[in-house]
S.K.: 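First, the structure itself, so that you have it in front of you.
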Amino acid sequence: MSGHPGGYWAENDLLVDHVRAAVARTGEDWHVNPGKAWCYVAPHGHRDRPQGWKLHVSATPLSAPIVVARAASVLIARRASFKFATTIDRVEELVGAQHDRGGSGKVITVYPENDERFTVLAEELDRITRGLAGPRILSDKPYRPGSLVHYRFGVIAGTRMLDNDGTDASLFTRPDGTFALDRRMPWFATPEWAPPCPIPDEPRPAATEGPAKPVLLGGRFAVHEAIVQANKGGVYVGADRETGAEVVIKQARRHTDGSRFGRDAQDRLRHEADMLDELAPLGFTPRKIALFEQQGDLFLAEDKIDGQRLRDWAHDRVRRSDDDLGAPLPDVLALTRRLIALVAAVHERGVVLRDLTPSNVMVAPDGTLRLIDLELAARPGDVVEAAATPGYGTPEAFSGPRVTEAPGFDADCFALGATVFHLATGLDPVSPSTGGADTASPERMREFVERAAVRHLALRRVGPLILGLLGVDGERWTPARAAEYLDGELPALAVRAGTDEITEDEHERLLTGGLGFILATMDLESRDFLWPAFGFAAESDPCNVQTGAAGVLAVLTRAAGLRPEERLRQAVADVSGWIERKIAAEPRVLPGLYFGRSGTAWALHDAARLLGDGRMAHRAESLALNAPVDWPNPDICHGMAGAGLTQLHFLRATGDERFAVRLRRAADNLLAAVEPTPEGVMWEVPKDFASQLAGIRHYGFAHGVAGIGAFLLAAFQETGDERYLDMAQQAGRTLVKVADQDGGQAWWPSDEREIRTRKADGAPSEAVYWCNGSSGVGTFLIRLWRQTGDPEARELAEQAAVASWRTPWYTSPAACHGTAGNAEFLLDMADALGEDRYRRMAAEMSGAVFARHATRDGHLVVGDDSFHEVTASYHTGLGGVVALLLRLRHGGPRPFMAEGHDR
């Protein structure tokens, strides 16, 4: 990054340099293997034991170079294998505010070869790191109170394989030879069958009977609810025993959320307390009640503000009619005036907020506004660490140095414009370009606002004010100028006539850019992921359809068959080869279509047919034949319905009767697993199944009735077995019974619990996604109508299409729970009903996707389901958008639906 002599790259080399130097001093043969996240260190010929007691050493970004250097000297002298965070950036991630609490703070992991060595290393590491800074590791037990050294029983070099949900997992081997998941929870826990810890436990207090007493903080605040539990600490609601008033209590754990510049969560909480004092005379902030320490953590107690966050207020007022989305203009104008007055008053106190967003403003029941979460507030010119919320921070906030002077008041003016945009639309003005180096240009901001204003009528009237505050024309308006504008006639923002349907030029630019980005970011040398993976995808099977290489392969295969480009055909061959090499090392074959090997086999077989590669086709068929069709999970994504749909696809593609037998077995298993309920038929993931989905009974396509019904309907079409049709019809009647209908739209609850909630508060579900909601249920119902002529199925499918069409501005671009999947459903409607209006509606939805485009390395792209990152994945990223664009232009069946006969 700019602004610092030598940059951060040299600084980031410090940890590896320290370890290499320690190894060099021994003159012995060691392996030092730096990766993106971890550097693995071991003496030549060393082999770790499968599982056992291991050590973790915590550190802060500032203390990490000393901690790693001292620990390495001990570990190398004792010939112990270990790993450590490769860079200071990685250390900042490990102790960051939102890092997983169960794995936070583990800067060094040590793998002792036996329990005797474990005890010796624990004592020596504690001795040489005593007095240095590092957070408490919640999943482990500290060697002594305040020690940086912690320990737990865990997998070391044991079995790694996919768990039942398709996630890469470390597995224990129990004494009886069975496997158990090694879970890193934010508390110390040891399997009951594990050998005793070599370090004796302190005596535990005797258990007490009776109900648990409420937690008392600061001797006066009784906690009764946790709002947030994060790595840096929780946020709680409690009662002040001195006054009886409700309070909010914020916690800052020691040495968490630290940076290389010396500030951590406790520094930030003290600063927030100071800002509450500074702004208290305005009456716009909660009243600070107490700032206190308890057991090493810092707590801030403040008044609880009644009302709702501005984000929720705006969401509740969003209208989704055909010609007017967003909030009513009178409401928008009233709150905009109050926001402007609030920001002006803060600036008069000489403070810049730096983090004005809809989440940090509360709307009281009387409509007045209050500011919360003031940890970034500062005076212009103060030395601060750069920080901003994507979409609400100025472009320069994402491109400057990490330590800088606090910005001037115009930074809040930009945030004010973005917040008014959210008021008028319920949208965040965010694209992949507003959260990183690809900073949004003024031209892009204008284009985005003007495109959104086509269907958000209130936005047309406040659009000029928003663009002025954003500084689109080169100078950001002040609050005074914004207030003056509101007192005028409010000339409407000029927008293009007609709908927001994607144009031919936009379509081609986005399609070409998407394919170009996918090809450019493919790393065939990677042993982990073929494309960069973030968040959940980084823990998932790299060869699945949902987030892995198989889904992208399906998109590239479709593109190569439609666009005569040798680079696409070569990419299909390259990706297929990578997947085949990768799956050869994975011992488990899971059944699911999206999270299992069924979808991988499907994608490989289609690629083999494109390439004319008979041997690959045979290997794909063998993989499909190995996918279990007897499985506890019944659904499409992870279970039997997905495996069954794949058997159907292979039967139609090959004519091999082995697939017919397995197709019937999957369908018969689903008939046997059905459960009657008051609402109709449902399928449950067994409660005792080792899965995050255990116990669910869903209505949606991904995990429930709609997806299973779609498979059974397809099974009937292939086999003629009336039992499958009857069950598909029962699934349809169930979905008819539980539908919510209003204003020509239809939605569905996710499960029975949501039905009970709906009855209690009268609020219908608004889920519209493929995985759960209108789009996925409609995907099944329109096929059921096509087979049976059921008028209720058609009516609800048409209402589901309207609900899906009205939401592209409010969903991510992705396929699983976003616009691409919803637009694919509208193309299904067009194909089933022969009505071109549904194709036009899908094109309009694609226009909303295009509005969020950005340029990455010369490629026009859109973000994934986080809105911020650009990923290649099929169901959660760019791949699904490209698949939609190909189908919009060329027609054809929907991916992974086994429609029509492929023989």
S.K.: Show me the pairs that pass salt bridge (charged side-chain N to carboxylate O under 4.0 Å, His left out) and involve residues 413-431, at least two apart or across chains.
M.R.: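 Every pair satisfying salt bridge (charged side-chain N to carboxylate O under 4.0 Å, His left out) with a residue in residues 413-431: R311-D428.
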S.K.: Return the set of residues passing salt bridge (charged side-chain N to carboxylate O under 4.0 Å, His left out) with R184 (not counting sequence neighbours), or none when no residue passes.
M.R.: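 R184 satisfies salt bridge (charged side-chain N to carboxylate O under 4.0 Å, His left out) with D182 only.
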S.K.: Got a sec, which residues hit salt bridge (charged side-chain N to carboxylate O under 4.0 Å, His left out) with R476, two or more places apart in sequence or on another chain?
M.R.: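 Counting only residues at least two positions away or on another chain, R476 forms a salt bridge (charged side-chain N to carboxylate O under 4.0 Å, His left out) with E396, D410.
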S.K.: Partners of E484 by side chain to side chain contact (heavy atoms under 4.5 Å, CB included), sequence neighbours excluded?
M.R.: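 Partners of E484 under the side chain to side chain contact (heavy atoms under 4.5 Å, CB included) test: none.
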S.K.: May I have all residue pairs that pass salt bridge (charged side-chain N to carboxylate O under 4.0 Å, His left out) and include part of residues 266-284, sequence neighbours excluded?
M.R.: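 Non-adjacent pairs meeting salt bridge (charged side-chain N to carboxylate O under 4.0 Å, His left out): K250-E272, D257-R268, R268-E385, R270-E293, D277-K288, E278-R349, E278-R379.
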S.K.: Would you please name every residue forming a side chain to side chain contact (heavy atoms under 4.5 Å, CB included) with D865, sequence neighbours left out?
M.R.: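 Partners of D865 under the side chain to side chain contact (heavy atoms under 4.5 Å, CB included) test: S812, A814, H817, T876.
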S.K.: Can you name the side chain to side chain contact (heavy atoms under 4.5 Å, CB included) partners of R461, sequence neighbours left out?
M.R.: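 Only L329, L490, A492 meet the side chain to side chain contact (heavy atoms under 4.5 Å, CB included) criterion with R461.
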S.K.: Can you establish whether the number of heavy atoms outside E225 located under 6.0 Å from its atom CD is more than 12?
M.R.: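 Enclosed: over 12 neighbouring heavy atoms sit under 6.0 Å from CD of E225.
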S.K.: Got a sec, which residues hit side chain to side chain contact (heavy atoms under 4.5 Å, CB included) with E539, two or more places apart in sequence or on another chain?
M.R.: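 Scan of E539 (side chain to side chain contact (heavy atoms under 4.5 Å, CB included), adjacent residues dropped) gives T167.
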S.K.: Under the side-chain hydrogen bond (donor to acceptor under 3.5 Å, both in side chains) rule, collect the residues that match up with N360, sequence neighbours excluded.
M.R.: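 D355.
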S.K.: Using the test salt bridge (charged side-chain N to carboxylate O under 4.0 Å, His left out), find all partners of E405 that sit at least two apart in sequence or belong to another chain.
M.R.: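 Counting only residues at least two positions away or on another chain, E405 forms no salt bridge (charged side-chain N to carboxylate O under 4.0 Å, His left out).
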S.K.: Tell me which pairs pass side chain to side chain donor-acceptor pair (under 3.5 Å) where either residue lies in residues 333-347, with sequence neighbours left out.
M.R.: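 Checked against side chain to side chain donor-acceptor pair (under 3.5 Å) - neighbours excluded - the pairs reaching residues 333-347 are H347-D412.
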S.K.: Just jot down the salt bridge (charged side-chain N to carboxylate O under 4.0 Å, His left out) partners of R287, sequence neighbours excluded, or say none.
M.R.: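 Listed in chain order: D303.
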